[in-house]
Number of protein chains: 2
Amino acid sequence: MKTLEIWYEFGSNYSYLSVQRVGELARSRGVPLKWEPFLLGPIFKSFGWETSPFVLQEQKGRYMWRDMERQCEKYGLPWKRPTNFPRRALLPMRVAVLGKDAVWIEAFSRRMMALNFVEDREIDSVEAVSRVLVELGLDAGAIIEQAQDAQNKERLKDQTLRARALGVFGGPTFFVEGEMFWGNDRLDEAVEWAARA
Amino acid sequence: MKTLEIWYEFGSNYSYLSVQRVGELARSRGVPLKWEPFLLGPIFKSFGWETSPFVLQEQKGRYMWRDMERQCEKYGLPWKRPTNFPRRALLPMRVAVLGKDAVWIEAFSRRMMALNFVEDREIDSVEAVSRVLVELGLDAGAIIEQAQDAQNKERLKDQTLRARALGVFGGPTFFVEGEMFWGNDRLDEAVEWAARA
């Protein structure tokens, strides 16, 4: 049995599918799970892209929105195409990196994803993030303050540099001790890889 | 029951997986299959790319080669990473478009793919294409002559324009009466879509 890492970001639509699915899948196979939030924007910039390839390539973007409808139907996940894409998610990503090893990381991540891809709401605000933290029974004020301190800002930058160093080029990406799996389409294989090990 | 179209090209590694799998899958579900060869190069050029994204993006390319090993193992397909990628395939693609509705299109396409992705051989030559056609008991000389006449060259150009008009941005791509599925990862869903219709 090996640990499965999920590298994800709240602005990424295919990360939405995996963030909602990964906890139950990993638990069902007894696979330990590590949550690894990182920023996709700097990764895309390193390729010379100013935004998501789904925006830069019109045909691919159009296809992706249809694919998301079908995939959500397949997995029984709710879905509403966001009117703003990709959404900025800097504050919730900072909270995620602060809480990446906390018991609330899964619930927090799932809820932020649902705000973006089910409720079609902006997520990069103290108000949006507070609401979710309070719902989870957490001290929103203290967490948001700590998420925005200099040390935690650096942690998120470091996560993103680690992602680049690992060869991550999109989200979600999974690792099982160096074995890389890209995309929600490889989540089940990644879980099996970890379970068989 | 609706017809499944497979849009593919001999230089495309993920097309290799689908070309080897699609015939048996479609037959097992009683789904009629149409073979639609097209050139990926002009599609990539329309995005401003001079070659495959797997060459342009080093990280994605490195991942893809590992993914191909795993996918071939999963499907029980032979595999050898080609020493030249992406391989030019103009002549075999012209033969494919000439024979797209012929009984030999599946066997020809599978054999050309195996030359590229199992035997690691160049495929864009009269010699390579002749050998395959002769193996299949066909009149290689006559077919290659007809494949290279002006009218057939236009047919391949038209196929590629049709692919662009349909919104194709990579290979393989599947259509079931206007419903689009991109990539070998969506082949099974495309077959089910056609079977359920």
Side-chain angles (χ1 to χ4, degrees), chain A residues 7 14 17 38 40 42-49 53-75 162-194 196, chain B residues 7 14 17 38 40 42-49 53-75 162-194 196:
Chain A
W7 291 74
Y14 286 111
L17 300 179
F38 75 104
L40 263 175
I43 304 269
F44 290 158
K45 280 214 175 71
S46 77
F47 302 143
W49 307 342
F54 297 129
V55 176
L56 296 174
Q57 278 183 263
E58 190 198 331
Q59 298 91 333
K60 196 172 195 169
R62 197 164 44 216
Y63 169 77
M64 176 276 280
W65 294 119
R66 176 66 184 130
D67 190 53
M68 284 299 298
E69 291 177 351
R70 288 193 312 237
Q71 296 300 300
C72 286
E73 200 184 321
K74 179 170 85 176
Y75 296 121
R162 276 179 65 208
R164 277 188 67 176
L166 286 166
V168 168
F169 54 87
T173 297
F174 309 95
F175 284 94
V176 179
E177 283 188 15
E179 190 75 23
M180 178 174 168
F181 300 84
W182 172 51
N184 178 68
D185 291 334
R186 291 287 177 280
L187 171 54
D188 299 76
E189 287 180 36
V191 171
E192 281 314 300
W193 194 275
R196 277 199 329 249
Chain B
W7 291 74
Y14 285 111
L17 301 179
F38 75 105
L40 264 175
I43 305 269
F44 290 158
K45 281 215 175 72
S46 76
F47 301 143
W49 306 343
F54 296 128
V55 176
L56 296 174
Q57 278 182 262
E58 190 197 331
Q59 298 91 333
K60 195 172 195 169
R62 197 164 45 219
Y63 170 76
M64 177 275 280
W65 294 119
R66 177 64 184 131
D67 189 53
M68 284 299 299
E69 291 177 351
R70 290 192 311 236
Q71 295 300 302
C72 286
E73 200 184 323
K74 178 170 87 175
Y75 296 122
R162 276 179 63 207
R164 277 188 67 176
L166 286 166
V168 169
F169 54 86
T173 299
F174 308 95
F175 285 94
V176 179
E177 283 188 14
E179 191 75 24
M180 179 174 166
F181 300 83
W182 173 52
N184 178 68
D185 291 335
R186 291 287 176 279
L187 170 54
D188 299 76
E189 288 180 36
V191 171
E192 281 313 301
W193 194 274
R196 279 199 327 250

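Letters A, B, ... are given to chains in the order of the sequence lines, protein chains preceding strands, and every chain is numbered from 1.
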Rounded to the nearest 0.5 Å, what separates atom OG1 in B:Thr173 from atom OH in A:Tyr63? 8.0 Å

Checking B:Glu189 against chain A: side chain, backbone, both or neither under 4.5 Å from a heavy atom? side chain

Heavy atoms only, distances under 4.5 angstrom: which of B:Met180, B:Lys74, B:Arg164 has the most pairs with chain A? Name it, please. B:Met180

Would you compute the distance between atom CH2 of A:Trp182 and atom CE of B:Met64 and round it to the nearest 0.5 angstrom? 11.0 Å

What residue, out of A:Arg62, A:Arg186, A:Glu58, has the most heavy-atom pairs lying under 4.5 Å from chain B? A:Arg186

Using a cut-off of under 4.5 Å on heavy-atom pairs, state which of B:Arg70, B:Gln57, B:Glu179 scores highest against chain A. B:Arg70

Would you say A:Gln59 and B:Ile43 make side-chain contact, with heavy atoms under 4.5 Å? no

Need one label for A:Gln71: side chain, backbone, both or neither, based on atoms under 4.5 Å from any heavy atom in chain B. side chain

